[in-house]
Peer 1: 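Would you mind keeping the following structure in view while I ask a few things?
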Amino acid sequence: MLDLKFVRENPQKVKEAIALKGDAAAVDELIELDAQRREILQQTEELKHRRNKASKEIALLKKEGKVQEAVVKMRAVSQEIKVKDAKLREVEEQIQKLLLCLPNIPDDAVPRGKTEDDNEVVRTWGQPKEFSFPPKAHWDLGEELGILDFQRASKITGARFTLYRGLGAQLERALVNLMLDLHTREHGYTEIFPPFMVHRESMVGTGQLPKFAEDAFKVEGTEYYLIPTAEVPVTNLYRGEILEEEQLPLKHVAYSACFRAEAGAHGRDTRGLIRQHQFNKVELVKFVHPQESDAELEKLTNDAEKVLQLLGLPYRVMLMCTGDLGFAAAKKYDLEVWLPSYNAYREISSCSNFRDFQARRAGIRYRPANGGKAQFLHTLNGSGVAIGRTVAAILENYQQEDGSVRIPEVLLPYFPGLKEPVIRAQ
RNA sequence: GGAGGGGUGUCCGAGUGGCUUAAGGAGCCGGUCUUGAAAACCGGUGACUCUGCAAGGAGCCGUGGGUUCAAAUCCCACCCCCUCCGCCA
């Protein structure tokens with residue numbers, strides 16, 4: 001959420017910035033409503049001031065028994081307050097609605113552009129492997145090896161769900177543990193195991209609602225949503241709180257299942273693990289001092305990259321252009337892993353700096369060490385990384401000519417008692 | 001699911017319609033005393049939000065409505081916590 005005062009004082013700048021992401025018409029409406037609000041507010045406050053004064057007088061007059069006249073007079077004032085308050089409430093609701101649907105302002109350093117073609121390559125790590133045989137797609141490998149069962153998952157639940165079996169299930173679990181271990185032991189994150197369902201307010205806090213309701217699964221008969229990412233519960237950990245400056249930065253890592261309706265994605269990535277209604281992810285979330293968020297984004301991105309480096313998966317780091325930034329981010333790096341079946345790099349992690357956008361929505365502040373006024377802090381998060389897509393990348397990049405798949409060495413401690421570090425047809 | 005109890009300032013806690021400008025205590029800050037510290041005593045300190053150029057004003061006692069000239073206090077709905085019973089991994 002943007003600061004209403006900032007919008008009021010910089011309408012042109014905000015409009016330009018919003019236009020980079022989409023529709024800026026709401027900004028004018030917002031400014032008009034804001035003016036209305038302050039006018040009504042002044043009127044009601046004046047009336048309430050009168051009422052408060054009269055109230056005290058009536059309390060005194062009562063002793064003399066001459067209350068009637070004053071009471072009748074104030075009855076009218078009170079009625080007027082009620083009417084004006086109702087109008088004020090209405091205007092404020094509209095303001096809130098508009099404000100909650102306004103996207104964040106992109107950082108100056110973010111390249112301007114409309115589509116993913118305008119994203120910039122920041123750096124590349126590793127080389128896409130040359131195969132001496134035609135490499136298979138992970139969905140074929142997974143089925144042939146008997147470790148991924150798309151058919152039966154759809155029998156049980158439906159399309160875009162996967163069932164892992166045997167070493168496949170173990171591989172998924174090993175990756176979760178590898179990442180949690182790495183980030184807690186090497187990178188200083190504190191592990192969180194959050195609820196996988198949250199209420200509406202949490203979804204609003206991180207920006208999934210109110211605008212993107214169709215992307216989320218809501219649990220029927222309740223007001224709960226299945227989380228689309230651990231970002232939601234973990235960022236909302238400190239909703240409505242004032243932290244001490246010395247506590248910053250707070251760094252959390254959380255494993256969670258993620259649930260996405262994938263509305264509007266019909267026909268895209270229909271095969272394999274790339275686009276699922278349910279997938280696993282290890283998420284990194286940071287709460288930082290505003291001055292540190294730029295540097296912390298770089299560090300967070302590096303932390304996520306480390307996972308791919310340990311697994312020996314070739315990837316590149318992309319800086320998202322304004323049109324590909326998403327709703328809440330001010331700046332975003334995507335990590336894209338090499339997938340032979342696509343003959344291309346595919347997103348496996350998104351690392352974003354939200355600045356105070358989420359903090360303002362969720363009311364997360366810090367108290368400066370010098371004891372000044374509480375300030376909104378900055379939030380960041382990034383996948384560290386998406387598990388399902390990592391499995392896909394391992395299967396495809398580590399496949400061998402006979403259809404077996406080597407297990408990356410760094411994962412072997414998570415496969416105790418394994419005879420050979422290879423997944424063969426079972 | 002059933003029954004009961006409770007949510008007040010940083011914390012504990014009083015407060016059943018106007019004298020609450022939220023008592024009292026703890027804490028915190030300053031001071032006296034002391035070689036120093038503790039204790040004691042004295043003084044100070046009350047979040048946060050909005051609005052206004054300012055002086056100031058308005059709001060805020062779990063949340064949202066309502067009653068009233070006036071609500072922490074009365075009414076309604078909801079949320080959360082605790083205890084007991086039932087059910088349950």
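Proteins come first, then strands; the chains are lettered A, B, ... in the order of their sequence lines, and each starts at number 1.
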Peer 1: Could you tell me whether the phosphate oxygens of B:rU51, OP1 or OP2, come under 4.0 Å of any side-chain nitrogen or oxygen in A:Arg37?
Peer 2: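 For B:rU51, OP1/OP2 do have a side-chain N/O of A:Arg37 under 4.0 Å.
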
Peer 1: What nucleotide, of B:rU68, B:rU51, B:rA58, holds the atom closest to the side chain of A:Lys48?
Peer 2: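 Nearest listed nucleotide: B:rA58.
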
Peer 1: Please determine if a side-chain N or O atom of A:Arg365 lies less than 4.0 Å away from the OP1 or OP2 oxygen of B:rU49.
Peer 2: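 So the side chain of A:Arg365 is within the cut-off, an N or O lying under 4.0 Å from OP1 or OP2 of B:rU49.
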
Peer 1: A:Asn52 has a side chain; which of B:rC50, B:rG59, B:rC48 sits nearest to it?
Peer 2: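 Output: B:rG59.
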
Peer 1: With A:Asp294 as reference, evaluate A:Lys331, A:Lys299, A:Arg355 under the salt bridge (charged side-chain N to carboxylate O under 4.0 Å, His left out) test and give the passing residue.
Peer 2: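 Looking at A:Lys331, A:Lys299, A:Arg355, the match for A:Asp294 under the salt bridge (charged side-chain N to carboxylate O under 4.0 Å, His left out) is A:Arg355.
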
Peer 1: Whole Å only: how far is the CG atom of A:Leu99 from the C1' atom of B:rU49?
Peer 2: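 To the nearest whole Å, that distance equals 15 Å.
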
Peer 1: Considering only NZ, NE, NH1 and NH2 on the basic side and carboxylate oxygens on the acidic side, decide whether A:Lys87 and A:Glu90 come within less than 4.0 Å.
Peer 2: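 Answer for the salt bridge query: yes.
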
Peer 1: Round to the nearest Å and state the distance from A:Asp85 atom CG to B:rG65 atom C1'.
Peer 2: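 Answer to the nearest Å: 13 Å.
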
Peer 1: Heavy atoms under 4.0 Å, any strand shown: does A:Arg200 hit a base, just sugar-phosphate, or nothing?
Peer 2: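 Nothing, no nucleic acid heavy atom in range.
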
Peer 1: May I ask which nucleotide in the shown strands pairs with B:rU16, Watson-Crick or G-U wobble, both distances under 3.5 Å?
Peer 2: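 Its partner: none found.
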
Peer 1: What's the closest nucleotide to the side chain of A:His49 if the choices are B:rC69, B:rG52, B:rG57?
Peer 2: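 Looking only at heavy atoms from C-beta outward on A:His49, the closest nucleotide is B:rG57.
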
Peer 1: Could you tell me how far apart A:Gln36 (CD) and B:rU51 (C1') are, to the nearest whole angstrom?
Peer 2: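 These atoms are roughly 17 Å apart.
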
Peer 1: Ignoring the backbone of A:Ser78, work out which of B:rU51, B:rA70, B:rG66 is nearest its side chain.
Peer 2: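 The answer is B:rA70, which lies nearest to the side chain.
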
Peer 1: Could you say whether A:Arg75 or A:Ile242 is positioned toward the 5' end of RNA chain B, judged by the nucleotide with the nearest heavy atom to each?
Peer 2: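 That would be A:Ile242.
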
Peer 1: Using a 4.0 Å heavy-atom cut-off, does A:Lys53 contact any base of the nucleic acid, only the sugar-phosphate backbone, or nothing at all?
Peer 2: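 Result for A:Lys53 = nothing.
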
Peer 1: For B:rU21, which nucleotide is its Watson-Crick or G-U wobble mate, given both distances must be under 3.5 Å?
Peer 2: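 Across any shown strand, B:rU21 pairs with none.
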
Peer 1: Please determine, for the side chain of A:Arg51, which listed nucleotide (B:rG66, B:rU51, B:rG59) has the closest atom?
Peer 2: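 Out of B:rG66, B:rU51, B:rG59, the nucleotide with an atom closest to A:Arg51's side chain is B:rG59.
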
Peer 1: Can you tell me which nucleotide in B:rC69, B:rU67, B:rU51 comes closest to the side chain of A:Gln42?
Peer 2: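 The closest nucleotide is B:rU51.
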
Peer 1: Considering every strand shown, what is the Watson-Crick or G-U wobble mate of B:rA40 when both distances are under 3.5 Å?
Peer 2: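 The answer is B:rU32, by the H-bond criterion.
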
Peer 1: Do the ring centers of A:Tyr366 and A:Phe287 come within less than 6.0 Å of each other?
Peer 2: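 They do not qualify: ring centres at least 6.0 Å apart.
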
Peer 1: Whole angstroms only, please: what is the NZ-P distance between A:Lys84 and B:rC50?
Peer 2: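 Nearest whole value for this atom pair: 23 Å.
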
Peer 1: Measuring from A:Glu396:CD to A:His138:NE2, what's the distance to the nearest 0.5 Å?
Peer 2: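 NE2 of A:His138 is found 6.0 Å from CD of A:Glu396.
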
Peer 1: If pairing requires Watson-Crick or G-U wobble contacts with both distances under 3.5 Å, which nucleotide is the partner of B:rG1?
Peer 2: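 The answer is B:rC85, by the H-bond criterion.
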
Peer 1: Check this one for me: any side-chain N or O of A:Arg367 less than 4.0 Å away from OP1 or OP2 of B:rC48?
Peer 2: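 Answer yes for this pair, as a side-chain N or O of A:Arg367 is under 4.0 Å from OP1 or OP2.
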
Peer 1: Please report the distance, rounded to the nearest Å, between CD in A:Glu201 and C1' in B:rU63.
Peer 2: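 Nearest whole value for this atom pair: 10 Å.
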
Peer 1: Using 4.0 Å as the upper bound for N to carboxylate O, is an ion pair formed by A:Asp34 and A:Arg38?
Peer 2: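 Here A:Arg38 pairs with A:Asp34 in a salt bridge, since their nearest N and O are under 4.0 Å apart.
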
Peer 1: Parallel, tilted or perpendicular for A:His187 and A:Tyr189, by the 30°/60° rule?
Peer 2: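 Geometry flag for A:Tyr189 against A:His187: perpendicular rings.
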
Peer 1: Output the rounded distance in Å from CG (A:Leu47) to P (B:rA58).
Peer 2: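 Going from CG in A:Leu47 over to P in B:rA58 covers 12 Å.
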
Peer 1: May I ask you to evaluate whether A:Arg89 reaches the phosphate of B:rG65, defined as a side-chain N or O under 4.0 Å from OP1 or OP2?
Peer 2: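 Checking A:Arg89 against B:rG65: at least one side-chain N or O falls below 4.0 Å of OP1 or OP2.
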
